[in-house]
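A short write-up of the structure that comes next.
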Amino acid sequence: MTTTASILNNPFLNKGTAFTQAERKALGIVGTLPSHVQALDEQATQAYAQFQSKANDLEKRLFLMNLFNENRTLFFRLMDEHVVEFMPIVYDPTVADSIEQYSHLFTDPQNAAFISIDDPDNIEATLKNAADGRDIRLVVVTDAEGILGMGDWGVNGVDIAVGKLMVYTAAAGIDPAQVLPVSIDAGTNNQTLLDDQLYLGNHHKRVYGDVYYDVIDRFVNAEQKLFPESLLHWEDFGRSNAQVILDKYKDQFATFNDDIQGTGMVVLAGILGALNISKEDIKDQKFLTFGAGTAGMGIANQILDELKRAGLSDEEARKHFYAVDKQGLLFDDTPDLTAAQKDFTRQRSEFDNADELTNLAAIVKTVHPTVMIGTSTQPGTFTEEIVKDMAAHTERPIIFPLSNPTKLAEATAADLIKWTDGKALIATGIPAGDVDYKGVTYHIGQGNNALMYPGLGFGLIASTAKVLNGETLSAACHALGGIVDTTQAGAAVLPPVSQLTSFSQKLAEIVAQSVLDQKLNKEPIADAKQAVADMKWVPEYKSVD
Ligand SMILES: NC(=O)c1ccc[n+]([C@@H]2O[C@H](COP(=O)([O-])OP(=O)(O)OC[C@H]3O[C@@H](n4cnc5c(N)ncnc54)[C@H](O)[C@@H]3O)[C@@H](O)[C@H]2O)c1
Ligand SMILES: O=C(O)C[C@H](O)C(=O)O
Ligand SMILES: [Mn+2]
């Protein structure tokens, strides 16, 4: 039965004041709206003026989330027009503030599914209720143990799943009615949340081990059963679980971990862009990853794959890596290595001063890296001394401080340009403004997986991919090559967010083509480009009869 509420409170159907008089009549909602009928453009102009009147970024975000909760078409029309301005508001870094305050600011569940580890028997019902009959093609799930670099945020982390999905639609054009954000509430070790009466998640410590993995398994089974056409995207799981989960499911159906693979992709694409500028060969680089966690090792593995595709043996390729974590440079005898770290250790016998290699300054001095990636969550750790030392031994140091949000970045782009006298080739995790230095304007690429996962995911869904493999990931990493004009002084290593929609489309087409080339499509598809074009949703009102 249609009721006024079932239309005006349904963000997938609601047009608000844009319902024509005929539609109002047909739907039985005559008189429930002011009489003047607005066009979508008019609504967008009006909403943008309200957005601009908000005092700060969090207020702006709250306003946009309200709009999102009321009317998805209007929200995405507006985001389409203002993508560069909206990205840092709906996504990183402002999403970080909203996650910290989620329970206090809560007004709406945003059509997410909330799975509780204490209620495993209701996992299927939870997904079904949240989907509410919609044809779900894309699920972003988080257990929020490692939200950006801010640690454990329990159920509050659902906002990152919502935010990632907003970027998917804005960038690639997935129909917002076909997506489902999922929170797995496995408890939290965040004492501030546990002590907070208003905290909306389970008030107990995080559950690990068999009980946890059993819930993950039940979730995966229910998800695949209910939404067999869907792609499953894992986000911000903790270091001890992320890779384990990915390894368990990656060959079974279309799935990926954004922090491991999405980040690996954007960093490799950024390095390829940087090498295009410096005209150097990837096989001549020495890679230092500072923060050898989920993202750091995902990046190392993606670069390793590239080196092997460029002709190096596995053994030769691994010699190009220096993985650094809390313990310093990781050696084969370093205690407490994770499974992923074990593949990238060095031997003490390779260095005269192995015992001194416990801090970044000493390691840079000894190793002379040409590429330094920060995924450590440790702000300001790429110091002037370290960066100058690195720059003294390589013509164009490639430096990517990627830790998010803003307050956790290893360095700022402006400092890196200054300390290296304009030589550094930089990408940052959060958006960075242009840097003017000695008469040159340096554009800074955003080394954020948001540049990659929308196109990757859309291409996989459009091509009905059975799985995602290394071949497709590699094709996607190379897809952005040539988009940036590297002949310009101060060119960025990655394309600008202002071109997010066009390069996401290109990426999706390349991904879909790779799937078809490998015959990994579930359904017959003749033309990858056409499949991508056919699936693209545009924020326009459809007429209601
Ligand atoms: N820009 C992007 O697209 C992107 C993508 C993923 C992650 N990240 C950022 O990378 C950071 C790490 O994320 P993650 O998912 O890999 O988390 P993680 O917890 O898996 O990894 C962080 C690693 O840093 C290490 N670390 C902590 N203190 C250190 C220190 N003093 N010296 C050296 N290493 C130290 C930890 O031991 C851990 O191994 C976060 O800030 C996250 O926002 C950015
Ligand atoms: O969410 C982001 O901004 C990127 C990345 O997935 C992260 O965890 O930091
Ligand atoms: Mn993440």
Original post:
Passes side chain to side chain contact (heavy atoms under 4.5 Å, CB included), T345 versus L337? Steps please.
Top reply: CA-CA 9 Å; T345 53; L337 293 174; 3.6 Å; yes
**OP:** Report the C-alpha separation of D421 and K438 in whole Å, then their side-chain angles, then the decisive distance to 0.1 Å, and conclude whether the salt bridge (charged side-chain N to carboxylate O under 4.0 Å, His left out) test is met.
**Re:** CA-CA 9 Å; D421 200 27; K438 292 191 178 170; 2.8 Å; yes
Original post:
So I399 and M390, side chain to side chain contact (heavy atoms under 4.5 Å, CB included) or not? Walk me through it.
Top reply: CA-CA 10 Å; I399 310 181; M390 178 182 177; 4.0 Å; yes
**OP:** Let me see the working for E306 and H478 under side chain to side chain donor-acceptor pair (under 3.5 Å), right down to the final yes or no.
**Re:** CA-CA 10 Å; E306 181 69 16; H478 287 264; 2.9 Å; yes
Original post:
Could you walk me through whether W537 and T169 pass the side chain to side chain donor-acceptor pair (under 3.5 Å) check?
Top reply: CA-CA 8 Å; W537 177 86; T169 297; over 6 Å; no
**OP:** Apply side chain to side chain contact (heavy atoms under 4.5 Å, CB included) to the pair L180 and L138, showing each step before the final yes or no.
**Re:** CA-CA 6 Å; L180 186 67; L138 173 62; over 6 Å; no
Original post:
Passes side chain to side chain donor-acceptor pair (under 3.5 Å), D236 versus T142? Steps please.
Top reply: CA-CA 6 Å; D236 289 354; T142 186; 5.3 Å; no
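The CE atom of M265 sits 9.5 Å away from the CG atom of D258 when rounded to the nearest 0.5 Å. Summarising the geometry, atom CZ belonging to R77 is positioned 9.5 Å from atom OG1 belonging to T45; distances are rounded to the nearest 0.5 Å. The line from NZ of K536 to OG1 of T501 is 6.0 Å long, rounded to the nearest 0.5 Å. With values rounded to the nearest 0.5 angstrom, N156 atom CG is found 10.5 Å from F106 atom CZ. The line from OG of S183 to CD of Q110 is 12.0 Å long, rounded to the nearest 0.5 Å. With rounding to the nearest 0.5 angstrom, the CD atom of E395 is 10.5 Å from the CG atom of L425.
Side-chain contact annotation: E410 with T381, donor-acceptor N/O pair under 3.5 Å absent. There is a side-chain donor-acceptor pair under 3.5 Å between T472 and S514. When only modelled atom types and interatomic distance are considered, N276 and T486 share no side-chain donor-acceptor pair under 3.5 Å. Of the N and O atoms on the side chains of T188 and W153, not one donor lies less than 3.5 Å from an acceptor on the other residue. Using modelled atom types and a 3.5 Å distance limit, the side chains of T94 and R61 yield no donor-acceptor pair. In summary, the side chains of E280 and Q285 do present a donor paired with an acceptor at a separation below 3.5 Å, with no hydrogens or angles considered. For the residue pair D259 and T294, no side-chain donor N or O sits within less than 3.5 Å of a side-chain acceptor on the partner.
Geometrically, R72 engages F68 in a cation-pi contact, judged by NZ or CZ lying under 6.0 Å from the ring centre and within 45° of the ring axis.
When atom types are taken as modelled, the side chain of D97 and the backbone of L58 share no donor-acceptor pair closer than 3.5 angstrom. With hydrogens and angles ignored, the 3.5 Å screen pairs no side-chain donor or acceptor of Q446 with any backbone N or O of P496. Between the side chain of D305 and the backbone N or O of L307 there is no donor-acceptor pair closer than 3.5 Å. With N448 contributing its side chain and G429 its backbone, the two residues share a donor-acceptor pair below 3.5 Å. Counting only distance, with no hydrogens or angles, the side chain of R206 and the backbone of N189 share no donor-acceptor pair below 3.5 Å. Of the possible polar contacts, one joining the S103 side chain to the L200 backbone as a donor-acceptor pair under 3.5 Å is found. Counting only distance, with no hydrogens or angles, the side chain of T334 and the backbone of L330 share no donor-acceptor pair below 3.5 Å. Of the possible polar contacts, one joining the N69 side chain to the M65 backbone as a donor-acceptor pair under 3.5 Å is found. Side chain of N190 to backbone of D152: a donor-acceptor contact under 3.5 angstrom is found. Formation of a donor-acceptor pair under 3.5 Å by the R318 side chain with backbone atoms of L304 is not found in this model.
Applying the side-chain hydrogen bond (donor to acceptor under 3.5 Å, both in side chains) criterion to E235, with sequence neighbours excluded, gives K164, H233. Judged as a salt bridge (charged side-chain N to carboxylate O under 4.0 Å, His left out), and not counting sequence neighbours, D336 has no contacts. Annotation: ring pair (Phe, Tyr, Trp, His ring centres under 6.0 Å) contacts of Y437 (sequence neighbours excluded): none. For Q243, the side-chain contact (heavy atoms from CB on, under 4.5 Å) partners two or more places apart in sequence, or in a different chain, are L246, D247, I260.
A 4.5 Å side-chain heavy-atom check between L231 and R137 finds every atom pair outside the cut-off. Looking at M166 and Y91, their side chains never come closer than 4.5 Å, going by heavy atoms from C-beta outward. Looking at L148 and L408, their side chains never come closer than 4.5 Å, going by heavy atoms from C-beta outward. Proximity of T441 to V435: side-chain heavy atoms (C-beta onward) are nowhere separated by under 4.5 Å. Between P454 and V167, the closest side-chain pair of non-hydrogen atoms falls below 4.5 Å. Put simply, the side chain of Y168 does not reach to within 4.5 Å of the side chain of V179, judged on heavy atoms.
Across all non-hydrogen atoms, the minimal contact from A172 to G455 is CB-N, 4.5 Å. Considering every non-hydrogen atom in both M79 and V90, the closest pair reads CE-CG2, 3.7 Å. Of all heavy-atom pairs spanning W419 and T383, the tightest one is CZ3-C, 3.6 Å. When every heavy atom of I426 is checked against every heavy atom of A413, the shortest pair comes out as CD1-O, 3.8 Å. What you find for A295 and T263 is that their closest heavy atoms are CB-CG2, 4.2 Å.
Using cut-offs of 30° and 60° for the angle between ring planes, the Y48 and F51 rings count as parallel.
Residue pairs satisfying the salt bridge (charged side-chain N to carboxylate O under 4.0 Å, His left out) criterion with at least one member in residues 363-388, sequence neighbours excluded, are listed as follows: K365-D389, E384-K388. The ring pair (Phe, Tyr, Trp, His ring centres under 6.0 Å) analysis of residues 392-414, with sequence neighbours excluded, yields the pairs H368-H393.
Remark: of the listed residues L275, V267, V493, L275 is the sole one forming a side chain to side chain contact (heavy atoms under 4.5 Å, CB included) with I398.
Aromatic rings from F287 and Y322 are positioned such that their centres are separated by 6.0 Å or more.
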